[in-house]
Amino acid sequence: MTHFDTIVIGGGPAGMMATISSSFYGKNTLLLEKNRKLGKKLAGTGGGRCNVTNNGTLDELLEGIPGNGRFLYSVFSQFDNHDIIRFFEENGCALKVEDHGRMFPVTDKSKTIIDTLEKKIHELGGQIKTQFEVVSVKKIDNLFHVKSADQKLTCDQLIVTTGGKSYPSTGSTGFGHDIARHFKLAVTELEAAESPLLTNFPHKVLQGISLDDVTLSYNKHIITHDLLFTHFGLSGPAALRMSSFVKGGELLHLDFIPQTSLEELHRFFQENREKSVKNTLKKLVPERVADFLSHGYADKIKQLSHNDLDELNQKLKAFHIPVTGKMSLAKSFVTKGGVDLKEINPKTLESKKVSGLHFAGEVLDINAHTGGFNITSALCSGWVAGSLHY
Ligand SMILES: Cc1cc2nc3c(=O)[nH]c(=O)nc-3n(C[C@H](O)[C@H](O)[C@H](O)COP(=O)(O)OP(=O)(O)OC[C@H]3O[C@@H](n4cnc5c(N)ncnc54)[C@H](O)[C@@H]3O)c2cc1C
């Protein structure tokens, strides 16, 4: 069979969910994926555990989607993060909540999430073709013609869920933007978002250390979240979020102990006067950070001069980190920009110009913080695009 009611291009979270809803609404639906398996990028999220959604309120959800989250009001009124949670629970995939509302499968394995989505597609009669790379799409009369190098298919409704342009090794190489351009739809400029930061901070010493809930600030931008020191600089949610506000050349301030005020810190040092600097710092920060910060000072707290103490306070509460740049789009977690939302009906995610052509997920000009917000946007928009209001 070469004709389908609906063809979905791209088997990430948006495409899998679009296939599920389209099949659920009784459409003969085919999902095309160029990789050997579905959900390659999804599999790598949450450190391989799949950060499938976030259990926040609608306001928290919109805050977690700084790139045009408001466009998703109508989508979330039809299918939101709580529907995602219900969907997985009802389909035998129990989820658990971790810090900052991040949700994962209780198995701690991405495969459980991908298997659940894939099983549901089969259960609803949807079809999947992997290792099918779409190379061209045309609309002739009322039919879409979808071609790979050696096969031709047709459909009445086409849903494009090919993702952004970050991590192209996972399959998302921006093909959906080419489809949009082919149909003369505007595509906004593509940029790196949620990018690890390059710094000339002595990161080798601290490489691999992860800090919980520290505060990174630059001008009025203050972000409290987890931070990771890497071989090139900074990663983890705090750095990824800060990447929206810096380019390179800025000086960041890192507060290692945001829960402790300067006054409390002064008192703490007084109470520990007789103790060694290193052991005292170990009570505040991880051991390797304490080693690093105490380097070059006298042994005991009581031996420190006023200047030394001031300097130590500053290092703990506002450590200077110069940013030299950020990772490229290909090495960033998320793509900012995509199919221009002015082209898209927010209720149906159908193109305003080309009837039957829908877009969902990261191919759209929507970008969110890591923490489950991008995946929520992909799953919810996928469901709505697949609901095909016709
Ligand atoms: C390392 C990493 C960690 C991340 N962590 C998080 C996180 O913790 N929380 C969060 O919310 N988000 C996270 N993200 C972002 C999140 O994974 C993406 O936003 C999400 O996967 C986008 O879903 P999508 O379905 O729109 O696109 P994708 O997941 O990119 O899927 C698109 C699919 O389309 C297929 N495709 C492309 N072109 C074609 C073609 N021509 N023919 C056939 N198939 C095609 C691709 O192979 C791919 O499988 C992370 C991203 C990365 C890279």
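One-based numbering, in listed order, for ligands and for the atoms of each. Note that the structure is a prediction, hence the values are computed from the model and not measured. One is the number of the first residue; the rest follow in order along the sequence.
- Taking the ring centroids of F87 and W383, they lie at or beyond the 6.0 Å cut-off.
- Listed by chain and number, residues touching ligand 1 at under 4.0 Å (heavy atoms only) are I9, G10, G11, G12, P13, A14, L32, E33, K34, N35, K41, T45, G46, N51, F132, E133, V134, T161, T162, G163, Y167, T170, G171, S172, F175, F333, G361, E362, T370, G371, G372, F373, N374, I375, A378.
- Surrounding NZ of K336 are at most 12 heavy atoms belonging to other residues, nucleotides or ligands under 6.0 Å away.
- A salt bridge between K96 and E98 is present, with a side-chain N of the basic residue lying under 4.0 Å from a carboxylate O of the acidic one.
- Around the NZ atom of K300, the shell of radius 6.0 Å holds no more than 12 heavy atoms that belong to other residues, nucleotides or ligands.
- Taking the six-membered ring for Trp and thresholds of 30 and 60 degrees, F245 and H221 have nearly parallel ring planes, at less than 30 degrees apart.
- Counted within 6.0 Å of NZ on K147, heavy atoms from surrounding residues, nucleotides or ligands total 12 or fewer; the atom is thus considered open.
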